[in-house]
Novice: 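Have a look at this one.
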2 protein chains.
Amino acid sequence: MSLKHAMLGFLSWQPHSGYDLKKQIGASYTHHWSGNNNQIYRTLVELHNEGLVTREIEHQDDSPSRKIYTITDAGRAELKAWAMSQPDLPEWKIPFLVQLAWTHDLNAEEMDALLAAYAEQLRMEVLMLREQVHRGTSAPDRSARESFIWHQMATHWLALYENELVWIRSLQGELHTQTKSEEDET
Amino acid sequence: MSLKHAMLGFLSWQPHSGYDLKKQIGASYTHHWSGNNNQIYRTLVELHNEGLVTREIEHQDDSPSRKIYTITDAGRAELKAWAMSQPDLPEWKIPFLVQLAWTHDLNAEEMDALLAAYAEQLRMEVLMLREQVHRGTSAPDRSARESFIWHQMATHWLALYENELVWIRSLQGELHTQTKSEEDET
DNA sequence: GTTGCCATGTAAGGTGTTACATGATTTA
DNA sequence: TAAATCATGTAACACCTTACATGGCAAC
């Protein structure tokens, strides 16, 4: 589990409540988690038990009280050790490819519709991401290198979807010419 | 769950035993599952209960007996309906990006080592995939379109890793020049 | 003679999701 | 008046993984 370390990361930037972390993680696409309560609140308890964070309760008159978590020196050490550890290979979960693999029984029109639906999904996502990258979401900015890296991450994420869209568009074209040449033969 | 449909897919190509399916799914990278026994044997029971496959026991003298599963018409209908359904967006799980996000406390050499380690992982994966694509793994080949699609899938999968490698290499370069220009300023 | 392949399956646990529950305050 | 935001947490469950269990046969 590296959600623990992702959370430690955000806490190494600024103290956060569970609620803050949920929003932060949910909003950051590169942190591929949904940011759901169950995991976040459980993980905060774990981090606290392991002495990687301290907890402070902040009473508020108008809103419910917040539990503010702050990273400890042990937490920073753990985070750095993890950051330097051997990286894993990325995992692409592309359900569309599984779908595409088993389109043997679809005719040309059904195939067209499928590709078009995927292309449209991607187009919408790309538009949304482009806007988000343009606006620049909340990111740590403690050094030139850090903001450079966060910008690189955002544009790289966008590029993944853009490349997928380019691929599907070229596939659409190639399938059309293929279908046509088969029609010519008959 | 679309593992069910992925398995139906392989069964729509050829009858398989659970053991065959495990190998098939485990070997096919685009079918992003590990191909573990637990899920496969449970899912086969489900598919059978739902009438999407039939089961036949094949006794063998030298080896343990095999349970051969064959897709039914209902299974084919289910598979086609699923293949035409609204595709999901891909999900990129890139733990390295989470790691990279929190490298604030690493110095230039530690950063270099991290990027180099990731690049090396990717380089190995790309080499392996290139060879596999070159050899051409076992894939259905029932029509020109189907083999075209499976070839597209394989090269696209490879391209994902190649692009990741290109990106990390460019990042290595940009971080070097950035570090140098900062040194020049001091 | 230990490892690996064939072939079935079970156990245990980690990871992640949606939905529910509470309760006050602000916004539409 | 209905919904969204703030803020905490729980329940139930889907999904997926590693490891274990059995047992014969073949290969090195």
Side-chain angles (χ1 to χ4, degrees), chain A residues 1-7 10-11 15-50 53 55-69 88-89 91-95 98 138, chain B residues 1-7 10-11 15-50 53 55-69 88-89 91-95 98 138:
Chain A
M1 176 173 51
S2 65
L3 172 61
K4 195 163 108 179
H5 294 101
M7 286 172 60
F10 280 106
L11 291 173
H16 281 91
S17 68
Y19 189 82
D20 293 339
L21 279 169
K22 180 196 155 128
K23 280 204 299 182
Q24 206 83 244
I25 291 181
S28 162
Y29 18 77
T30 55
H31 283 83
H32 63 251
W33 285 280
S34 73
N36 68 97
N37 299 346
N38 200 327
Q39 270 182 293
I40 284 174
Y41 287 108
R42 265 198 307 103
T43 305
L44 280 172
V45 170
E46 279 168 39
L47 286 173
H48 189 241
N49 288 343
E50 290 169 37
V53 299
R55 174 168 51 203
E56 216 179 318
I57 293 170
E58 185 188 289
H59 288 286
Q60 298 177 125
D61 289 339
D62 47 344
S63 309
S65 32
R66 297 151 49 84
K67 294 186 182 170
I68 309 290
Y69 294 86
D88 292 325
L89 280 174
E91 281 171 53
W92 330 111
K93 286 205 185 175
I94 317 184
V98 186
S138 88
Chain B
M1 175 176 48
S2 65
L3 173 61
K4 196 163 105 176
H5 294 102
M7 285 172 59
F10 279 106
L11 291 173
H16 281 90
S17 68
Y19 188 84
D20 293 339
L21 280 169
K22 178 195 157 132
K23 280 204 300 183
Q24 207 82 244
I25 290 181
S28 162
Y29 20 77
T30 55
H31 283 83
H32 65 249
W33 285 280
S34 74
N36 69 96
N37 298 347
N38 200 326
Q39 270 183 292
I40 284 174
Y41 287 107
R42 265 197 308 102
T43 305
L44 279 172
V45 170
E46 279 169 38
L47 286 173
H48 190 240
N49 288 343
E50 291 170 37
V53 299
R55 174 167 52 199
E56 217 178 317
I57 294 170
E58 184 187 289
H59 289 285
Q60 297 175 125
D61 290 338
D62 46 344
S63 309
S65 30
R66 299 153 48 87
K67 293 186 183 169
I68 309 289
Y69 293 86
D88 292 325
L89 280 174
E91 282 172 53
W92 329 112
K93 286 206 185 174
I94 316 185
V98 186
S138 87

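Here is how names work: the chains are called A, B, and so on, in the same order as the sequence lines, proteins then strands, and each is numbered from 1. Predicted model, so just to flag it, every value in this text is computed and none were measured.
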Novice: Stepwise, does the side-chain contact (heavy atoms from CB on, under 4.5 Å) test hold for L44(A) with L21(A)?
Specialist: CA-CA 10 Å; L44(A) 280 172; L21(A) 279 169; 3.8 Å; yes
Novice: What is the distance from atom OG1 of T43(B) to atom CG of N49(B), rounded to the nearest 0.5 Å?
Specialist: 11.5 Å
Novice: Given axes from five pairs at either end, by how many degrees does the helix from dG1(C)-dC28(D) to dA28(C)-dT1(D) bend, rounded to 10°?
Specialist: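 The end-segment axes of the helix from dG1(C)-dC28(D) to dA28(C)-dT1(D) are tilted 40° relative to each other.
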Novice: Using the test side-chain hydrogen bond (donor to acceptor under 3.5 Å, both in side chains), find all partners of R55(A) that sit at least two apart in sequence or belong to another chain.
Specialist: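 Partners of R55(A) under the side-chain hydrogen bond (donor to acceptor under 3.5 Å, both in side chains) test: H48(A), Y69(A).
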Novice: List the residues meeting side-chain hydrogen bond (donor to acceptor under 3.5 Å, both in side chains) with T30(A), not counting sequence neighbours, and say none if there are none.
Specialist: S28(A)
Novice: To the nearest 0.5 Å, what is the distance between CG on L89(B) and NZ on K93(A)?
Specialist: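 If I round to the nearest 0.5 Å, the distance is 15.0 Å.
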Novice: What residues form a salt bridge (charged side-chain N to carboxylate O under 4.0 Å, His left out) with K67(A), not counting sequence neighbours?
Specialist: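 Result, salt bridge (charged side-chain N to carboxylate O under 4.0 Å, His left out) vs K67(A): none returned.
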Novice: List in chain and number order the residues that pass salt bridge (charged side-chain N to carboxylate O under 4.0 Å, His left out) with E58(B), two or more places apart in sequence or in another chain; answer none if no residue qualifies.
Specialist: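 Here the qualifying residues are R66(B).
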Novice: Between protein and nucleotides 13-19 of chain D, map the contacts as a letter string: B base, S sugar-phosphate only, - none, heavy atoms under 4.0 Å, written 5' to 3'.
Specialist: --SBBB-
Novice: Can you name the residues that form a side-chain contact (heavy atoms from CB on, under 4.5 Å) with D88(A), not counting sequence neighbours?
Specialist: P95(B)
Novice: Please list, chain by chain and in numerical order, all residues satisfying side-chain hydrogen bond (donor to acceptor under 3.5 Å, both in side chains) with H32(B), sequence neighbours excluded.
Specialist: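 H32(B) satisfies side-chain hydrogen bond (donor to acceptor under 3.5 Å, both in side chains) with no residue once adjacent residues are dropped.
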Novice: Does anyone know the first and last nucleotide of DNA chain C in reach of chain B, 5' to 3', at under 4.0 angstrom to a heavy atom?
Specialist: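 So the contact region on DNA chain C extends dC5(C) to dA12(C).
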Novice: Rounded to the nearest Å, what distance is computed from the CD atom of residue E58(A) to the P atom of nucleotide dA7(D)?
Specialist: 8 Å
Novice: Excluding sequence neighbours, so at least two apart, what forms salt bridge (charged side-chain N to carboxylate O under 4.0 Å, His left out) with E50(B)?
Specialist: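 For E50(B) the salt bridge (charged side-chain N to carboxylate O under 4.0 Å, His left out) partners, ignoring immediate neighbours, are K4(B).
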Novice: Which residues satisfy the side-chain hydrogen bond (donor to acceptor under 3.5 Å, both in side chains) test with Q24(B), sequence neighbours excluded?
Specialist: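 Applying side-chain hydrogen bond (donor to acceptor under 3.5 Å, both in side chains) to Q24(B) gives H16(B), S138(B).
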Novice: Counting only non-hydrogen atoms, which of residues 15-29 of chain A are less than 4.0 Å from DNA chain C?
Specialist: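 When residues 15-29 of chain A is checked for heavy atoms under 4.0 Å from DNA chain C, there are no hits whatsoever.
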